[in-house]
There are 2 protein chains.
Amino acid sequence: MADRDTEERILDAAHAVFLQRGTAGARMQEVADEAGVNKALLHYYFRSKDQLAQAVFRRALGELLPQAMEILRSEAEIESKVRGIVELEVEILRRNPFLPGYLLGELTHHPERVHEIFESVVGMKLGRLGHEVRSTIAGQLEAEAEAGRMRELPVEDFLMNLVSLAIFPFAARPLLQLMLDVDEDGFDALMGARKERLPEFFLNALRP
Amino acid sequence: MADRDTEERILDAAHAVFLQRGTAGARMQEVADEAGVNKALLHYYFRSKDQLAQAVFRRALGELLPQAMEILRSEAEIESKVRGIVELEVEILRRNPFLPGYLLGELTHHPERVHEIFESVVGMKLGRLGHEVRSTIAGQLEAEAEAGRMRELPVEDFLMNLVSLAIFPFAARPLLQLMLDVDEDGFDALMGARKERLPEFFLNALRP
DNA sequence: GTCTATATTGTGATAGAC
DNA sequence: GTCTATCACAATATAGAC
């Protein structure tokens, strides 16, 4: 219960509270309670709410982005990348219900934070990484198209469409649960089943 | 500058401020300034911040949902619905950059609000509307599949995949702008071009 | 209906003992 | 490192004049 251990407990607690309430809606007192320590300790370790919020945001973004980037810029085949991204994102998001809504909310309400944090998360200049991913996949798509195995599609579309399909339903979950008339477990089951169909759906869209 | 007019100016101002900052991050003072009136007037018309926030949320959801629902449960053909949804959502979201992030953030941070508000927005019992949309489209999908024009796909997948593709990129815009290395105008141009390709992409995924 | 002034509470942050 | 006590101010909300 001391030192590094406490700092970690606080960050865990902050993660839980900030993701559920959002940065602006989160209260330091609630984080302290959740961590089982006093409010003053939060400031001892993180100085201010803003810095704690940044640590949480960095961590949250780090749960999603680096592994996805790794898959996308690897040398694996297109089909394998599609399956890998779907499997990865769906499994992470099934276990973290607040993650996508939190991230998208923070992105729109604090867009200025993204730039600085992005780099510390993926450990690379963002422009460079984005370019690397795009040129890698663009080459693959082009080769597939020339071989007649896929129809032409801009890399930007490939990337946006893939992550849209994988992530969005989790972000809109509260609305979807009402419209599809399912509870938590029903939704989770739905997502588990959809995960199996999604790669086929996406790859089918790429057929010539 | 009186009566109904003032109430509307306040709601407009609140809409602008709340969507950009989020409900918890928004300040009544900023809303008052934006509306060009005094803080006390906000309470005169809306009683509390919470009620003002609800009015804004209702209005924001109303910009997106009812028209989409109308298209989905109409008697139009599947292909026409796909084109209609893409056209509608993309055009609305291009003009309202904060709308999707705000909605998704509020959904995750205040899921309890959805139930009550949903009904007043679409003017119908939510379970009923959802069921109506699903059974209508399920019938259409089944007919298309039997005629050999489309492969089989659960209604839930059809609905989730379609709205995911249409909405998500706008919600993730700040991140995508960095990764794709484009500014505001570049992003808008990208979305404009993608809008034309999206229906083909989606319909292609439905081919047998 | 609209304003100014003020009450009241909530909340981030620090001082200082242990 | 961790706590209690407290400060300082931000933010919602209301009272009351006009």
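Just the heavy atoms: all of them, side chains too, but no hydrogens, waters or symmetry mates, feed the values below.
Atom CD1 in I10(B) sits roughly 11 Å away from atom P in dG1(C) (whole-Å rounding). Atom CG of L42(B) and atom P of dT14(D) are 13 Å apart (whole Å). Distance, Y45(B) OH to dA13(D) C1': 18 Å, rounded to whole Å. dT2(C) atom P lies 11 Å from atom CG of N38(B), rounded to whole Å. Spacing between atom CG of D50(B) and atom C1' of dG10(C) amounts to 16 Å, rounded to whole angstrom units. Rounded to whole Å, the distance from CD on Q29(B) to C1' on dA10(D) is 11 Å.
Summary of the strand contacts: K39(A) and Y44(A) both lie near DNA chain D, and taking for each the nucleotide with the nearest heavy atom, the more 5' one is attributed to Y44(A).
The main-chain N or O of L72(A) is found under 3.5 Å from a side-chain atom of K81(A) such that the two form a donor-acceptor pair.
Rounding to the nearest 0.5 Å places CG of L41(B) at 11.0 Å from CE of M28(B).
Note on A26(A): only backbone sugar-phosphate atoms sit closer than 4.0 angstrom, heavy atoms only; bases stay farther off.
With dC3(C), dG12(C), dA11(D) as the choices, the nucleotide that has an atom nearest any side-chain atom of R27(B) turns out to be dA11(D). Among the nucleotides dC3(D), dA13(D), dA15(D), the one closest to the side chain of L41(A) is dC3(D).
Contact annotation: T6(A) reaches the phosphate of dT2(D) (side-chain N/O to OP1 or OP2, under 4.0 Å). Between R47(A) and the phosphate of dA13(C), there is no side-chain N or O to OP1/OP2 separation shorter than 4.0 Å. Taking side-chain N and O atoms only, H43(B) has a distance below 4.0 Å to OP1 or OP2 of dA13(D).
Residues D188(A) and R95(A) are not paired through a salt bridge, judged by the lack of any N-O separation under 4.0 Å between the basic side chain and the carboxylate.
Side chains of H110(A) and Q54(A): a donor-acceptor N/O pair is absent below 3.5 angstrom, by distance only.
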